[in-house]
Amino acid sequence: MESLVKFVQDEFVTRIDLPEFAAGDTITVFYEIKEGNKTRTQFFRGVVIQRRGTGSSETFTIRKMSGSIGVERIFPVNLPALQKIEINKRGKVRRARIFYFRGLTGKKARIAERRH
């Protein structure tokens, strides 16, 4: 059954070419918003908390600070409204899911940049 689901996902779901990013990276996601009959592009810049799932059901979570309030947004990888993703900074973290980042504020919430 799993192989059938994987086959259908590979064949019929269109893949968007996204850059490679992981937890700890700071990225900007540009996506389209429809308001009535108009469309506009909005961006969401923040730190990747996690990537989860595989294939067409893969999602990634981004966290940013809006004033003193933390805002998280979950994006599906195959979202049709997704236009592009820019990688602003590569972060050096030891985990694939950095949920501990939610409890950090101020200077402790900084992530060291990964060297190439």
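A quick note: this is a predicted structure, and the numbers were derived from the prediction, not measured.
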Do V77 and I87 share a hydrophobic cluster, counting only Ile, Leu, Val, Met, Phe, Trp and Tyr and linking them when any side-chain heavy atoms are less than 4.5 Å apart?
yes
If hydrophobic clusters are built from ILVMFWY residues whose side chains come within less than 4.5 Å, do L104 and M65 share one?
no
Keeping the roles fixed (side chain from D25, backbone from V48), state whether a donor-acceptor pair exists under 3.5 Å.
no
From [X] atom [atom1] to [Y] atom [atom2], the distance as rounded to the nearest 0.5 Å:
X   : Y   : atom1 : atom2 : value
I74 : L79 : CD1   : CG    : 12.5 Å
K84 : I27 : NZ    : CD1   : 13.0 Å
R45 : T26 : CZ    : OG1   : 9.5 Å

Are [X] and [Y] close enough for a salt bridge, meaning some N to O gap below 4.0 Å?
X    : Y    : result
E72  : R102 : yes
E113 : K89  : no
E32  : R40  : no

Please report the closest heavy-atom contact between V29 and I85, naming both atoms and the distance.
CG2-CG1, 4.2 Å
What one should report as the nearest heavy-atom pair of A23 and R95 is CB-O, 3.9 Å
Partners passing ring-ring contact (aromatic ring centres under 6.0 Å, His included) against F101 (at least two apart in sequence or in another chain):
none
Given Q50, which partner from the list T61, I98, T59 fulfils the side chain to side chain contact (heavy atoms under 4.5 Å, CB included) test?
T61
Would Q42 and F30 count as a side-chain contact (heavy atoms from CB on, under 4.5 Å) if you check the C-alpha gap in whole Å, the side-chain angles of each, and the deciding distance to 0.1 Å?
CA-CA 6 Å; Q42 187 169 327; F30 293 87; over 6 Å; no
Looking at side-chain heavy atoms only, is the closest gap between T41 and I33 below 4.5 Å?
no
I49 vs I62 side-chain heavy atoms within contact, under 4.5 Å
no
Could you note down all residue pairs passing ring pair (Phe, Tyr, Trp, His ring centres under 6.0 Å) where residues 49-100 supplies at least one of them, sequence neighbours left out?
F21-F60, Y31-F75, F60-F75
Counting only heavy atoms from other residues, nucleotides and ligands, does the tally under 6.0 Å from CZ of R97 exceed 12?
yes
Would you find more than 12 non-hydrogen atoms of other residues, nucleotides or ligands less than 6.0 Å from R114 atom CZ?
yes
